[in-house]
Amino acid sequence: PSGNAITNYYDANTGLKVKTITTAAGPQGANSSSTELYGDYKDVNGIKFPYSLTNDIGGMSLEMKVQDLKVNSGISDSEFK
């Protein structure tokens, strides 16, 4: 099949996303896929955020780690009126 397909995987116990697989049709018909792995979830203002993201694309792996995460920090309530 042509086009893109995205499949998300969630932990059955926590409901948190643990993986996303994206498959895309290449220009010459061959499909390529990438996998994103989410982990090290931490609570920030009552919401769980992944502090670790690993992206595997075509044999190359890129790992990203969140050092600091702020939610709506420094935004006044008047901005939302």
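To the nearest 0.5 Å, atom CD1 of residue Ile21 and atom OG of residue Ser33 are 7.0 Å apart.
In this view, Asp40 and Lys42, Tyr51, Ser52 satisfy the side-chain contact (heavy atoms from CB on, under 4.5 Å) rule, not counting sequence neighbours. With sequence neighbours left out, Ile6 forms a side-chain contact (heavy atoms from CB on, under 4.5 Å) with Asn8, Thr20, Thr22. Applying the side-chain contact (heavy atoms from CB on, under 4.5 Å) criterion to Lys48, with sequence neighbours excluded, gives Leu16, Tyr41, Asp43. For Lys70, there are no side chain to side chain donor-acceptor pair (under 3.5 Å) partners two or more places apart in sequence or in a different chain. Under the rule for a side chain to side chain donor-acceptor pair (under 3.5 Å), the partners of Asp56 that lie at least two apart in sequence or sit in another chain are Ser61.
The hydrophobic cluster containing Ile57, built from Ile/Leu/Val/Met/Phe/Trp/Tyr side-chain heavy atoms closer than 4.5 Å, comprises no other residue.
Cluster membership check: Tyr38 does not share its hydrophobic cluster with Ile47, using side-chain heavy-atom separations under 4.5 Å among Ile, Leu, Val, Met, Phe, Trp and Tyr. The cluster map of Ile, Leu, Val, Met, Phe, Trp and Tyr, joined by side-chain heavy atoms under 4.5 Å apart, puts Val66 and Val71 in the same cluster.
Looking at every heavy atom in both residues, Val44 comes nearest to Phe49 through CB-CD1, 3.8 Å. Nearest heavy atom pair, residue Ala25 against residue Asn4, reads N-OD1, 4.0 Å.
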Could you tabulate the donor-acceptor pairs under 3.5 Å formed by side-chain atoms of residues 73-80, not counting sequence neighbours?
unit_1: Ser76; atom_1: OG; unit_2: Ser78; atom_2: OG; d: 2.8

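Among pairs with a residue in residues 17-37, none fulfils salt bridge (charged side-chain N to carboxylate O under 4.0 Å, His left out), at least two apart in sequence or across chains. For residues 57-68, the pairs satisfying salt bridge (charged side-chain N to carboxylate O under 4.0 Å, His left out) are Glu63-Lys65, with sequence neighbours left out.
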